[in-house]
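Written out below as structure tokens is the structure these notes cover.
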2 protein chains.
Amino acid sequence: MRPATLEQMRDQLAKQHGALSRRLKEVGEYVDGNPQSMALDTAAEIAKKAGVHPSTLVRFANHFGFSGFTELQKLFKDDIQRNYSDYGQRIQRQQRSRGEGAVSPSQLLDEFTRANRLSLNKLSDGIDPQQLDLAVGLLDRSPSIHVCGVGRAFPVSMYFAYALGHMQVQCHAINGLGMMQDAQANCIARNDVLIAITFSPYSEITQSIINTAFDRGAKVMLIAGEESCPSAAKAEVILTVKDAEVRSFRSLTSTMCLAQTLCIALGYRRQAGAWEDTARQANSAA
Amino acid sequence: MRPATLEQMRDQLAKQHGALSRRLKEVGEYVDGNPQSMALDTAAEIAKKAGVHPSTLVRFANHFGFSGFTELQKLFKDDIQRNYSDYGQRIQRQQRSRGEGAVSPSQLLDEFTRANRLSLNKLSDGIDPQQLDLAVGLLDRSPSIHVCGVGRAFPVSMYFAYALGHMQVQCHAINGLGMMQDAQANCIARNDVLIAITFSPYSEITQSIINTAFDRGAKVMLIAGEESCPSAAKAEVILTVKDAEVRSFRSLTSTMCLAQTLCIALGYRRQAGAWEDTARQANSAA
DNA sequence: ATTGATTTGGAATATATATTCCAATACTAT
DNA sequence: ATAGTATTGGAATATATATTCCAAATCAAT
């Protein structure tokens, strides 16, 4: 049965690896470890790099049900076609040249979805796995979590409040109800965690809350637009997100995605096992 | 001076675009917008897709200093070689750094970003442009806008409140302060618009607010998970969004993206011209 | 309208690439 | 050790692809 996707091909590689001949094993290892080359190089180049003869490569492809090398290569090309975005793609320039006069809403939607997909790409590659681990560890060890984000960051803080609340994680939103953000910040205790979401131009209110938390011995987790944000020195961990910016308007999709990841990762860490069933039940009315 | 990287090539494209002949302009636009194809396809395939003759493509490459198409194509291949990694490769890397079994935060991040990118893809294709136009028109004509979303939808309603507020658009959030959502809903006037964001299992509170608005002669704009949601009959316009769902957890990125699109489209409709400069100034502290 | 310059697209040509076939080599079972 | 089977690599062949050349078409200036 010939694999139809790169993912299926990887499955078959894993399953059939033991039964392959010596040379075909070598090809399999190269194929598994070099998807770019598999898509971009010629059969002769690949064979040379893998240390085998071109006809061995063709026989490898035939073994898995492909009619030849070209058909195998197509799997790799398709994956790139679907998932690769060139970071330098300048959506803004392109759209400006097209967008004279009236701008239609669906044209805007197109621009925004494209830009946000690029931004999500960057997010996945740009976040240091160790910082992420650190962040989740911090949350896991905290007696109590406080979350603060104002202006454009406010929806993100509300998402944290929603998601963590649903996990029976103690989470307090510093939401400025009755302009009482200072009173809310004064509830932060030693060893608590403050999640502070902050973007340029950096809010003085958020900075003030960070200072309070820091002074009270809490750990600060920063989600920020840049590493060099004003409160960086006070943070235990900084996760930087560059959300999409289209026609001068900044999005929130990547930050929301990161927020969700943090919450769910924390859930996994605290309640290994029946966790997903709990989530299914906990999809609250909205 | 022949460009050595894809980024340099883009610079040259921007600089020299105006001075190109008609056909070479067309090639330039295709080259700029289709880096995957430029790397993966043959000269003949690319020429066909771009609507030009293969020799035009070669002349294009020559114009920018390349000896031929193959040399130009190499820029695109090099970029993929450097920046693309497929899902299976990323999983391998993460497992290597972390070991088996436990779900790592960065693995989760990868899953979420992938799923959300797909969801954004579907959003762009799934929204009927006429419904979108209708929605923006509705907002444009409204004396006043009210926005309501509870639970997971609350961050979206707060985003509307933030964005519209910054455009000097009169927007009232029905946020349940002091459990006073009914009092807030009673401020809805005839011909106002209620934006209601609601997902399954559908909130009775949101439905009740929709009913109130409808009874008071307001227009209801629904952003919902399905067309067949309970309050559909009361809506002037329905925009449906299927947000990503990963391991039973639902995201919000596509809904946020749609919200942003609606707000910005409204801005464009109301203030053609110096609108983007206004937006740049209006990036508030967060 | 005419002329000169530039661009274009088609066809021929040169080059590259994938595939097929088979003799030589290696492996396995008796 | 021998025979049968499987694998390999090389060369020939078939196919695909990039490049070059040039007549026709288009454009711009007078």
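Side-chain atoms are counted along with the backbone in the values below, which use heavy atoms only and exclude waters and symmetry mates. Just so it is clear: chains get the letters A, B, ... in the order the sequence lines come, proteins before strands, and each one is counted from 1.
When the P atom of dT8(C) is taken as reference, atom NE2 of His53(B) falls 12 Å away, rounded to whole Å. Note: CZ (Arg59(B)) to P (dC21(D)) measures 14 Å, nearest angstrom. Leu20(A) has its CG atom 16 Å from the P atom of dC27(C), to the nearest Å. Atom pair Lys25(A):NZ and dT8(D):C1' shows a separation of 16 Å (rounding to whole Å applied). Distance, Arg22(B) CZ to dC27(D) P: 6 Å, rounded to whole Å. Distance His63(B) NE2 to dT8(C) C1': 16 Å, rounded to the nearest Å. As rounded to whole Å, 13 Å separates atom C1' of dA18(C) from atom CG of Leu72(A). In this structure, Arg23(B) atom CZ and dT7(C) atom C1' are separated by 10 Å, rounded to whole Å.
An angle of 30°, rounded to 10°, separates the two end axes of the helix from dA1(C)-dT30(D) to dT30(C)-dA1(D), each defined over five pairs.
The CZ atom of Arg10(A) sits 7.5 Å away from the CG atom of Leu13(A) when rounded to the nearest 0.5 Å. Taking CG of Asp79(B) as the reference point, atom CG of Leu75(B) lies at 9.0 Å (rounded to 0.5 Å).
Ser55(B) comes within 4.0 angstrom of a base, heavy atoms only.
Using a cut-off of 4.0 Å between Lys/Arg side-chain N and Asp/Glu carboxylate O, Glu45(A) and Lys48(A) are scored as not salt-bridged. Salt bridge present: Asp110(A) and Arg114(A) bring a charged side-chain N and a carboxylate O closer than 4.0 Å. Salt-bridge annotation for Asp11(B) and Lys15(B): absent, with no side-chain N of the basic residue lying under 4.0 Å from a carboxylate O of the acidic one.
Proximity of residues 34-52 of chain A to DNA chain D (heavy atom under 4.0 angstrom from any strand atom) is not detected for any residue.
Nearest to the side chain of Ser21(B), among dA18(D), dT8(C), dT19(C), sits dT8(C). Closest approach to the Phe69(B) side chain among dT8(D), dA18(D), dT8(C) is made by dA18(D) (side chain taken as heavy atoms from C-beta onward).
A donor atom on one side chain and an acceptor atom on the other are not found under 3.5 Å apart for Ser251(B) and Asp243(B).
In this structure, Arg152(A) satisfies the cation-pi test against Phe199(A), with its NZ or CZ atom closer than 6.0 Å to the six-membered ring centre and inside 45 degrees of the ring normal.
Contact check, Thr56(A) against dG9(D): a side-chain N or O comes under 4.0 Å of OP1 or OP2.
The 12-atom threshold is not exceeded at NZ of Lys122(B), counting heavy atoms of other residues, nucleotides or ligands nearer than 6.0 Å.
Applying the ring pair (Phe, Tyr, Trp, His ring centres under 6.0 Å) test to Phe60(A) and every residue at least two apart in sequence or in another chain returns Phe64(A).
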